[in-house]
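Chain A is the first sequence line, chain B the second, and so forth, proteins listed ahead of strands; every chain is numbered from 1.
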Protein chains: 2
Amino acid sequence: MSNVINESGILAISTRLQRLADTLRKDGQLIYKAHGIEFEPKWFPVIYTLYYKETMSVMEIAAGIGYTHPSTISLLKELEKQKLIRSRKDKRDERKRLLTLSEKGQELVQQMLPVWKRMEKALTALTNTANNLMAAIEEVEAQMEVKGFYERERGIR
Amino acid sequence: MSNVINESGILAISTRLQRLADTLRKDGQLIYKAHGIEFEPKWFPVIYTLYYKETMSVMEIAAGIGYTHPSTISLLKELEKQKLIRSRKDKRDERKRLLTLSEKGQELVQQMLPVWKRMEKALTALTNTANNLMAAIEEVEAQMEVKGFYERERGIR
DNA sequence: TGTATTTATGTAGTCAGCTACGTAGTTTTA
DNA sequence: TAAAACTACGTAGCTGACTACATAAATACA
């Protein structure tokens, strides 16, 4: 498809990563729609986290999903408008707001579990090539923890 | 770092791809700055393409870098404001606008070539793990050409 | 040759993340 | 125990991509 960029190799890697992420997210959207489920791919991290942890504060969720807290707050707002989650003040620390899945949220998760299984299978089939994408991501993240892109460039000869 | 999301595995892959892309792009920004070069990572695809192809129309560039034409146009606007590229009407087809690197653009590329080499080395070191990230991306893109995420999910049992 | 279609470009508005900054509780410490 | 520092949350506005729609030139065809 695209020519010069693919040939330019690794320098355009962030462009290619983003393109891939976009394509997968959009397909995810279509899949939920095809199953008649009103759900946005971007809600997944929060919903999934609350399903496993039950009750968490805003900052805990943000840390758990690896987003900044403002991004998390805007997701939480949407989810509350959809009545998928509920929030209340923490009695012991009035700064904190505690989030839980609502009844409707719980039901939605039950409805989605089999769909997630199917998506998992499809994604696994798609990405389980000679060089496994998930493994590659994890390896690169580990490498970056050791020494990031910036530091590595600085350190060249 | 983040816990539930990394454990949720492949379902959060688009989130993780995007995060990785973001981190690399931001480090790229810092690297240019550290070299005292006024250059944005997002300009790379256009500049690199024009460096190798000399003269191209808007649509040709868009296709070449794999972006939509509106995205490409807004990049071209920025680059023209920076006086890194020049544009003129195609005499033989008045719909087309032909883009080329300006003197300043040419000079900038010359200045950046050694930096790009260093970045390439750093990125290669970062990503050349057991499962090579660039190779994985290419393999997944190839798999998607055969059958996308959506079609695969639809086709399960 | 005029009309319909296609192609190239442009504009407006959306989206999913971000940073910067501000406020209000909580904890620490002099 | 009051001031300082820290933590949790919130708002505003940016960014870099997108889709949808509009317009004008070129081409095809009746």
- line: Separation of D/dA8 atom P from A/Asp90 atom CG, nearest Å, is 11 Å
Residue closer to the 5' end of DNA chain D, A/Met59 versus A/Gln18 (nearest nucleotide): A/Met59
field: A/Ser71 vs C/dC18: side-chain N/O to OP1/OP2 distance below 4.0 Å
entry: yes
message: I want to confirm an ordering. Mapping B/His69 and A/Glu94 to their closest nucleotides on DNA chain C, which one lands closer to the 5' end?
response: B/His69
- prompt: In whole angstroms, how far is the P atom of D/dA26 from the CG atom of B/Asp93?
  reply: 5 Å
query: Say you draw a straight line from CD1 of B/Ile65 to OG of B/Ser71; how long is it, rounded to the nearest 0.5 Å?
result: 8.0 Å
query: Are any of B/Lys26's side-chain N or O atoms less than 4.0 Å away from OP1 or OP2 of C/dC18?
result: no
- request: May I have the distance from B/Glu78 (atom CD) to D/dT15 (atom P), rounded to whole angstrom?
  value: 9 Å
task: Give a yes/no on whether any side-chain N or O of A/Lys96 is located under 4.0 angstrom from OP1 or OP2 of C/dT26.
output: no
message: Below 30° counts as parallel, above 60° as perpendicular, anything between as tilted: where do the rings of B/Tyr48 and B/Phe44 land?
response: tilted
- prompt: Between the base of D/dT7 and the side chain of A/Arg95, is there a donor-acceptor distance below 3.5 Å?
  reply: yes
task: Using whole Å, report how far CD1 of B/Ile73 lies from C1' of C/dG10.
output: 5 Å
message: Heavy atoms only, 4.0 Å cut-off, all strands: where does B/Ser57 land among base, sugar-phosphate and nothing?
response: sugar-phosphate
message: By nearest heavy atom, map A/Ser74 and B/Leu98 onto DNA chain C; which one lands nearer the 5' end?
response: B/Leu98
Rounded interatomic separation in angstrom, taking CD from B/Glu40 and P from D/dA17: 11 Å
query: Can you find a side chain N or O atom of B/Tyr67 that sits less than 4.0 Å from OP1 or OP2 on D/dA17?
result: yes
message: So, does B/Arg97 get its side chain near the phosphate of C/dG10, meaning an N or O under 4.0 Å from OP1 or OP2?
response: yes
- line: One should read off an interatomic distance between A/Leu99 CG and A/Leu50 CG, to the nearest 0.5 angstrom, of 6.0 Å
- prompt: To the nearest Å, how far apart are A/Arg25 CZ and C/dC15 P?
  reply: 11 Å
query: Any donor and acceptor pair, going by atom type alone, linking the side chain of B/Ser57 with main-chain N or O of B/Leu98 inside 3.5 Å?
result: no
query: With no hydrogens and no angle check, do the side chains of A/Arg152 and A/Gln143 hold a donor and an acceptor under 3.5 Å apart?
result: yes
query: Whole-Å distance between C/dA16 C1' and A/Lys77 NZ?
result: 15 Å
Integer-rounded Å distance: D/dG16 P and B/Leu24 CG: 15 Å
